[in-house]
Amino acid sequence: MIDEVAPEREPLPEEPIPARQPRGGARRPRRMRRARPTVRSGSLAVALAAAILIALALAFQGFARWAGEHPGWAVLLGLAAVPVLYALLRGMPHARELRRAARAGMAEAEADALAAPPVPVDEPVSPTARAQEPPPVAGTFPPGPEEPTLAAPFHDGRTAPLPEPEAPDPYAPDPEPEPEAAVLTAAELDGVDLAGLDFAALDPDTFEEAVAALCRRDGCADAETVGGAGDLGADVLATAPDGRRVVIQCKRYGPENKVGSQDLQRFGGTCWSVHGAQLAVLVTTSEFTAPAEEYAEASGIRCVDGTELTAWAEGTGPAPWGPGATLR
């Protein structure tokens with residue numbers, strides 16, 4: 001038998017092997033798993049909570065022991081803590097409302113900002129156009145495209161225009177100079193008729209000398225002025241005809257300036273204890289306020305105002321130590 005030879009076959013074309021696709025379609029990114037708390041972190045949390053509870057228990061125990069030893073202070077502390085706790089509890093809703101209102105206001109502001117029309121921006125001027133512009137004149141400011149020209153007189157609505165100064169009148173008479181205060185010595189005052197003396201026209205030192213001259217004229221031969229720095233409220237010291245020690249303070253004030261209670265209080269604090277006065281007198285060319293008169297009456301100080309001083313000098317009124325002199 002003859003063996004049959006099988007015919008040769010043509011080789012099949014090789015096809016590329018497709019890549020293996022994972023199940024479920026395209027490959028998804030791998031999710032990160034949360035780290036589970038370890039046994040160590042959990043034990044630390046438990047230990048911290050236990051420490052806080054123990055500390056609170058010890059603090060409460062110490063406070064209870066202190067409150068038992070000092071019940072009065074504990075009650076006061078509790079009463080003081082009640083309004084604080086009430087204010088905190090009362091303020092918590094208001095704080096939440098304020099936060100909500102602030103958030104709402106911020107949201108409205110953002111919405112208004114988004115709804116506002118865009119602000120036009122001036123286009124930059126090229127160097128060629130800028131070179132063609134005429135140079136500005138010194139001392140002037142050319143108006144911009146939307147700025148009005150400032151024409152004189154200009155008022156900004158806030159500053160009132162200043163009036164122009166008036167020219168002085170060449171025919172107006174010169175103002176009369178104020179009279180200078182008269183200055184006289186003690187010897188000159190002893191030779192002057194004190195009845196016609198204007199005490200308000202004297203300077204302060206001469207006024208003190210005039211009061212001392214009045215004292216010498218009416219029987220106080222040793223009357224002298226001791227006023228100046230460190231006099232402690234005494235301007236004139238004298239001895240009355242009945243032997244009492246007289247301490248006088250002088251106040252040459254204008255008619256608009258009255259002697260107040262503070263002046264009397266300062267004088268009353270030194271005339272008795274420091275100067276050993278048996279009769280304290282305050283003489284002024286002005287008047288006394290009602291509180292000053294009340295203090296003088298309560299402390300025993302005799303007050304002589306401008307009217308009484310003129311009457312004393314003219315002889316129509318009594319001296320502070322004479323008959324008819326009363327406390328006011």
## Note on the structure
Between Arg252 and the options Asp205, Asn257, Thr285, Val211, the side chain to side chain contact (heavy atoms under 4.5 Å, CB included) test singles out Thr285
### Summary
For Val259 and Ala292 the tightest heavy-atom approach is O-CB, 3.6 Å
## Note on the structure
CG (Leu282) and CZ (Arg302) are apart, to the nearest 0.5 Å, by 14.0 Å
### Summary
Interatomic distance, OG1@Thr284 vs CD@Glu308, rounded to 0.5 Å, equals 11.0 Å
#### Entry: CG on Leu309 to CD on Glu314, rounded to 0.5 Å
10.0 Å
### Message
Once rounded to the nearest 0.5 Å, what's the spacing between atom CH2 of Trp321 and atom CG of Leu279?
### Response
8.5 Å
### Query
With a 4.5 Å heavy-atom cut-off, do Gln265 and Tyr295 have their side chains touching?
yes
### Query
At their closest point, which heavy atom of Asp263 faces which heavy atom of Gln249, and how far apart are they?
O-OE1, 4.3 Å
### Message
Side chains of Asp218 and Trp312: any donor to acceptor distance under 3.5 Å?
### Response
yes
### Task
Group every Ile, Leu, Val, Met, Phe, Trp and Tyr by side-chain heavy-atom contacts under 4.5 Å, then state whether Leu77 and Trp73 land in the same group.
yes
### Query
Rounded to the nearest 0.5 Å, how far apart are CD of Glu294 and OG of Ser261?
9.0 Å
### Task
Give me the one residue out of Val246, Val281, Ile248 that meets side chain to side chain contact (heavy atoms under 4.5 Å, CB included) with Cys215.
Ile248
### Query
Among the clusters formed by ILVMFWY side chains lying less than 4.5 Å apart, do Val183 and Phe207 turn up in the same one?
no
### Query
Can you tell me how far CG of Leu194 sits from CG of Leu197, rounded to the nearest 0.5 angstrom?
6.0 Å
### Query
Do the side chains of Leu44 and Ile52 join up, straight or via other hydrophobic residues, at under 4.5 Å, putting them in one cluster?
no
#### Entry: Residue pair Thr225 / Glu209, side-chain donor-acceptor N/O under 3.5 Å
yes
### Message
Hydrogens and angles aside, do Asp222 and Thr239 bring a side-chain donor and acceptor to less than 3.5 Å of each other?
### Response
yes
